[in-house]
Amino acid sequence: NAGVTQTPKFQVLKTGQSMTLQCAQDMNHNSMYWYRQDPGMGLRLIYYSASEGTTDKGEVPNGYNVSRLNKREFSLRLESAAPSQTSVYFCASSGIPQETQYFGPGTRLLVL
Amino acid sequence: KQEVTQIPAALSVPEGENLVLNCSFTDSAIYNLQWFRQDPGKGLTSLLLIQSSQREQTSGRLNASLDKSSGRSTLYIAASQPGDSATYLCAVNSGNTGKLIFGQGTTLQVKP
């Protein structure tokens, strides 16, 4: 039982490049989330998916898109990376939105 | 808009001391509150979740309390150990959507 897994662990991009961050959970959870963590700003919600087939914007959605591929997988896409998107990205999941969230190990992204 | 504050930002104590971490939030209309631990370079680990109808939750040496009317929660750590050194984050769920609003965290150092 791996919990929440994220790939890649670390990535360097040039401004304007695109990439997709992958997240998968094996806990049969319905809800999944993407956060970013920045020094001085704390953790902020980017997008979330309360259940398979639904996605909604969080606090800082600009510059990102998401896909809930199936119940297990929730991906985050940066279409045209900007230096302001340099951050640590965390994926999380919960059984239902009101329950405890379980976090993945994070993806460290550097945009030059 | 919900805002979550954690004081102090950093705390250093000798091993064996009992300590209290504080979390305050501006809007008392919350669904639940969660406490997390984050080790350097790692993801978040859930410690305790308190529903809005509860006053406290306990897990081992940890005890979290919630006073919704005053917008406060505390995390009490008994008999602290060097292994407790980490950043502790509180997060508020203001609705039943799972959208967590995080505080900036308290970084704890327990000295042997």
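Below, chains carry the letters A, B, ... as their sequence lines are ordered, and counting in each starts from 1.
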Run the numbers on Lys1(B) and Glu59(A) for side-chain contact (heavy atoms from CB on, under 4.5 Å), then give the verdict.
CA-CA 11 Å; Lys1(B) 179 183 175 184; Glu59(A) 189 180 351; 4.1 Å; yes
Donor-acceptor pair, Arg108(A) side chain versus Gly41(B) backbone, under 3.5 Å?
yes
Part of Lys42(B) within contact of chain A (heavy atom distance under 4.5 Å)
backbone
Do side-chain atoms of Gln104(B) reach the backbone of Gly40(A) as a donor and acceptor pair under 3.5 angstrom?
yes
Hey, is CE on Met41(A) packed in by over 12 heavy atoms from elsewhere, all under 6.0 Å?
no
Spell out, yes or no, whether Leu11(B) and Tyr88(B) are grouped together once hydrophobic residues are joined by side-chain heavy atoms under 4.5 Å, including indirect joins.
yes
Please tell me whether Trp35(B) and Leu108(B) are part of a single hydrophobic cluster in this structure, the criterion being side-chain heavy atoms less than 4.5 Å apart.
yes
Under 4.5 Å between side-chain heavy atoms, hopping through other hydrophobics if needed: is there a path connecting Leu48(B) to Tyr102(A)?
no
Any non-hydrogen side-chain atom of Leu100(B) less than 4.5 Å from a side-chain atom of Tyr35(A)?
yes
Return the minimal non-hydrogen interatomic distance between Thr100(A) and Gln34(B), and the atom names on each side.
CA-OE1, 3.8 Å
Contact class of Gln38(B) relative to chain A, heavy atoms under 4.5 angstrom:
side chain
For a quick test of reading the model, state the closest non-hydrogen atom pair linking Phe36(B) to Gln101(A) and the distance between them.
CE2-O, 3.5 Å
Is chain B contacted by the side chain of Lys9(A), its backbone, both, or neither, given a heavy-atom distance below 4.5 Å?
neither
Any side-chain heavy-atom pair of Leu43(A) and Leu44(B) under 4.5 Å:
yes
For Asn32(B) against Gln98(A), the heavy-atom pair lying closest together
ND2-O, 2.8 Å
For the student: nearest non-hydrogen atoms of Asn93(B) and Pro97(A), plus distance:
ND2-O, 3.7 Å
According to a hydrophobic-cluster definition based on side-chain heavy atoms being under 4.5 Å apart (Ile, Leu, Val, Met, Phe, Trp, Tyr only), do Leu66(B) and Ile77(B) belong together?
yes
State plainly whether one hydrophobic cluster holds both Ile101(B) and Tyr48(A), where clusters connect Ile, Leu, Val, Met, Phe, Trp and Tyr through side-chain heavy atoms under 4.5 angstrom apart.
no
